[in-house]
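Single-structure report; data block below.
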Amino acid sequence: MSYECPACGYPGLEAPPRTSAGSGSFEICPCCYFQFGVTDDDEGFTYATWRAQWIAKGTPWESGSHQDPPAGWDPQAQLLRVQP
């Protein structure tokens with residue numbers, strides 16, 4: 001089972017971004033590089049603020065050399081799944 005990043009809409013997270021108790025999973029989205037429990041809880045970014053910055057950078061695949069984007073990756077299509 002995979003989960004969707006609430007910041008960028010990437011559908012390949014391995015764990016839910018937030019646990020049932022409400023804490024962050026600490027997983028890093030390979031697409032926008034949002035780390036749940038750190039980027040939000042420790043650094044104070046909302047999903048919308050992080051998303052806006054990612055869009056302003058041109059929606060790059062942020063994972064760098066750690067992981068290539070999936071075949072057919074389309075950041076514009078994935079953004080359509082995100083709640084504003």
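Only heavy atoms go into these numbers, but all of them, side chains included; no hydrogens, no water, no symmetry mates.
By the side chain to side chain donor-acceptor pair (under 3.5 Å) test, Glu27 pairs with no residue at all, sequence neighbours left out. When the side chain to side chain contact (heavy atoms under 4.5 Å, CB included) test is applied to Pro16, the partners found at least two apart in sequence or on another chain are Tyr3. With sequence neighbours left out, the side chain to side chain donor-acceptor pair (under 3.5 Å) criterion links Ser25 to no other residue.
Here salt bridge (charged side-chain N to carboxylate O under 4.0 Å, His left out) pairs that include residues 12-21, with residues two or more places apart or in two chains, are Arg18-Asp40, Arg18-Asp41. The stretch residues 72-84 participates, sequence neighbours left out, in these salt bridge (charged side-chain N to carboxylate O under 4.0 Å, His left out) pairs: Glu4-Arg81.
Within the 4.5 Å cutoff, the side chain of Glu62 has no heavy atoms near those of the Cys31 side chain. You'll find the side chain of Tyr47 stays beyond 4.5 Å of the side chain of Cys5, heavy atoms only. Counting heavy atoms from C-beta outward, Phe36 and Leu13 have side chains that approach closer than 4.5 Å. Between Gln35 and Glu43 there is no side-chain heavy-atom pair separated by less than 4.5 Å. Residues Ile28 and Phe34 fail the side-chain proximity criterion, which asks for heavy atoms closer than 4.5 Å. Proximity of Trp54 to Pro75: side-chain heavy atoms (C-beta onward) are separated by under 4.5 Å at one or more points.
Residue Leu80 belongs to no hydrophobic cluster, having no ILVMFWY side-chain heavy atom closer than 4.5 Å to its own.
Closest non-hydrogen pair, Thr49 versus Thr46, comes out as OG1-OG1, 2.8 Å.
Here SG of Cys32 is found 9.0 Å from CZ of Arg51. Values are rounded to the nearest 0.5 Å.
In the hydrophobic clustering of ILVMFWY residues, with side-chain heavy atoms under 4.5 Å counting as a link, Val38 and Tyr33 come out apart.
You'll find the ring centres of Trp61 and Tyr10 inside the 6.0 Å limit.
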